[in-house]
Amino acid sequence: MKKATFPRMGHYTEAFETLTRELGYEPITPPKTTQETIKLGVKHSSDFVCFPFKTTLGNLIQGLDKGAEVIIGVGVNPSKRVLETCRFNFYSHIQEKILKRLGYKFDMIYIMSGGTNILQSLKRTNPNLSYFQVLKAIKKTWSKIKEIEEREYCFEKKDINIGLVGEIYTLLEQSVNYDIINKLKKLGVGVHMSLTLSWFLKHQIHLTKEDKEIVNEVKKYFPKRIGGHGWESLYNTIYYAKNNFDGVIHLLPMSCMAETLVEMPMNMIGEDYKIPIYRFPIDDNISEVNLVNRLEAFVEMLKRRGI
Amino acid sequence: MIDVALGFDIGNGTIKIVVLSEKKKVIDSVYLKNVGIINTLQKGLKIIYKRNKNINVISCGMSGAGRNFASKIVGVDILKTEILAFSIGCLHFIPNANTLMDMGQEDGKMLIIRDKVLVDFTMNSICSAGCGSYLENVAVRFGIKIEDFAGMALKSTHPISISGKCAVFGTSNCVSKLNSGSKIEDILMGVSESLVRNFIYTLSKNKELKPPYIFGGGISLNKSVVQSLEKELNHKVIILKYSTFLTAIGMAILSLEDRPKKTKFKGFLNMNNEFTTKTYYGTGCTNECEITQLFKNKELIGYIGNRCEKCIKKK
């Protein structure tokens with residue numbers, strides 16, 4: 001059985017572990033993302049590439065150091081014509097090149113590359129794999145994802161409710177966003193997570209439902225769907241405003257193409273729909289104390305507005 | 001004996017303490033450079049105690065970046081962020097203010113007030129070029145005292161355009177202007193203007209700035225910055241008498257509004273004790289928290305920096 005590693009993604013790391021095991025590998029889970037991981041990633045990436053690239057690269061290095069021979073990379077095959085996606089498309093490809101130059105020996109599998117492509121690359125490293133096994137793996141992973149979401153992202157309505165929008169990785173990786181959900185919960189706030197992994201997967205195969213009215217309203221502010229999830233950030237901001245949320249927090253990696261672009265239309269939405277928005281661009285030099293301070297101030301403001 | 005409330009603002013650059021009467025009048029105030037929280041607090045409270053023997057502290061509030069640590073030494077009833085405290089302090093003096101600006105040493109904030117309620121705020125997120133440390137950097141580089149900065153800058157007749165997006169590049173921009181023969185006063189005025197531009201442009205995005213404007217914080221004492229700000233806003237800016245104490249005053253007011261039965265303030269004489277700290281890294285998990293313990297006369301009285309209770313040493 002070959003040893004395989006993969007990038008971490010917050011609580012969902014467990015689900016990745018399940019998937020890897022079910023596909024017939026021995027999972028090598030990289031250690032929790034810490035300052036050490038970030039340092040490794042920053043060292044080998046360009047300064048202005050988005051933060052998720054750096055942290056996931058750090059994860060992979062730590063995974064390979066633990067003895068992994070296969071990397072299950074998340075990314076899309078660039079030869080396939082994909083719209084609506086950003087640099088994320090090319091993460092795995094560049095990371096593969098960087099890691100090979102660093103002298104690591106491994107096989108890279110691109111999952112989510114679509115169709116037969118994925119099975120071929122899986123077969124290359126694991127020849128005994130059957131279709132049945134893949135289906136079983138998908139089923140098991142899906143139920144694991146559902147289980148994690150019920151545990152971690154269940155929304156409880158409180159006096160003050162905040163919706164989280166933004167780039168999906170910074171939203172879901174708690175060691176990158178300084179565990180913002182629990183920090184808000186400690187301040188007595190109900191937190192709703194706009195994007196989850198199950199939503200993301202469904203969205204990939206066009207199974208998500210959208211409110212047509214809101215879609216039309218988003219069109220007044222921005223003409224086209226852009227990804228990562230810039231368009232969704234606008235959609236969800238309007239959604240939260242319409243559902244009487246008290247505020248929206250926008251998380252994004254610094255220099256994120258999609259989210260930076262929708263900053264301005266989103267501010268306009270905030271103004272027009274009278275919903276306060278606070279924005280945290282995240283990079284390796286943000287300080288936790290500052291983040292907590294601003295969160296506290298934002299929540300205090302929302303509480304006082306309500307009086 | 002007069003009943004009073006104490007308000008603290010533990011800033012990055014300076015520590016401000018005010019004594020407020022029950023009728024919300026400022027009785028005394030102390031403004032000290034922060035050269036280490038423990039020493040500075042000891043010094044400040046001693047000064048107040050010496051000058052006001054007949055006061056009885058009934059409540060005490062604290063704000064500022066260093067509040068969590070300092071509160072463990074002083075003992076306070078209420079801890080809030082500087083944003084809220086600053087707005088309360090400003091509105092106490094000018095109830096109809098619509099835009100509040102605060103420029104400190106390491107951060108700048110802009111607060112939007114409508115109908116006496118804070119409706120929006122921004123703080124600089126990843127850059128300090130809109131703050132006091134930029135001015136200090138330039139002053140140090142030119143070998144002038146920060147107190148003399150404004151006086152020199154105001155002599156300028158043709159301010160030079162200086163880039164203000166980054167404090168480091170801004171300073172080197174100044175140096176190259178100096179090398180190409182520009183006058184010092186013109187450069188200093190250029191720095192004031194670029195500071196203001198950076199402050200306004202980064203913080204006021206999509207916000208409607210309406211007068212009356214109040215400008216507070218340490219930088220409000222710098223006349224050249226005030227002049228640049230008025231030029232940029234094209235409107236008069238109010239500088240209050242206690243412009244550097246607004247956050248501390250706000251905290252004192254908040255503590256009075258939510259007046260405790262018995263204050264947690266540990267008294268002025270408490271400051272005569274010896275306070276020491278010890279820092280270690282937690283080893284319980286991958287978080288590796290940096291935990292600082294605080295000792296009073298070698299007895300553990302508190303700690304900060306921990307995410308959970310696992311790595312807390314009891315000694």
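In what follows, every chain begins at residue 1, and chains take the letters A, B, ... in the order their sequences are listed.
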Subject >> Toward chain B, the part of A:Glu300 with a non-hydrogen atom under 4.5 Å >> reply: side chain

Original post:
Does the distance from a Lys or Arg side-chain N to an Asp or Glu carboxylate O, for A:Arg279 and A:Glu263, drop under 4.0 Å?
Top reply: yes

Original post:
Less than 4.0 Å between a side-chain N and a carboxylate O, is that true for B:Arg67 and A:Glu296?
Top reply: yes

**OP:** Would you confirm whether B:Thr14, through its side chain, and B:Lys33, through its main-chain N or O, come within 3.5 Å as a donor-acceptor pair?
**Re:** no

Subject >> B:Lys109 versus chain A, the contacting section by heavy-atom distance below 4.5 Å >> reply: neither

Original post:
Using the benzene-type ring in the case of Trp, are the ring centres of A:Tyr278 and A:Phe280 under 6.0 Å apart?
Top reply: yes

Subject >> Part of B:Val119 lying under 4.5 Å from any heavy atom of chain A >> reply: both

Subject >> Toward chain A, the part of B:Leu118 with a non-hydrogen atom under 4.5 Å >> reply: both

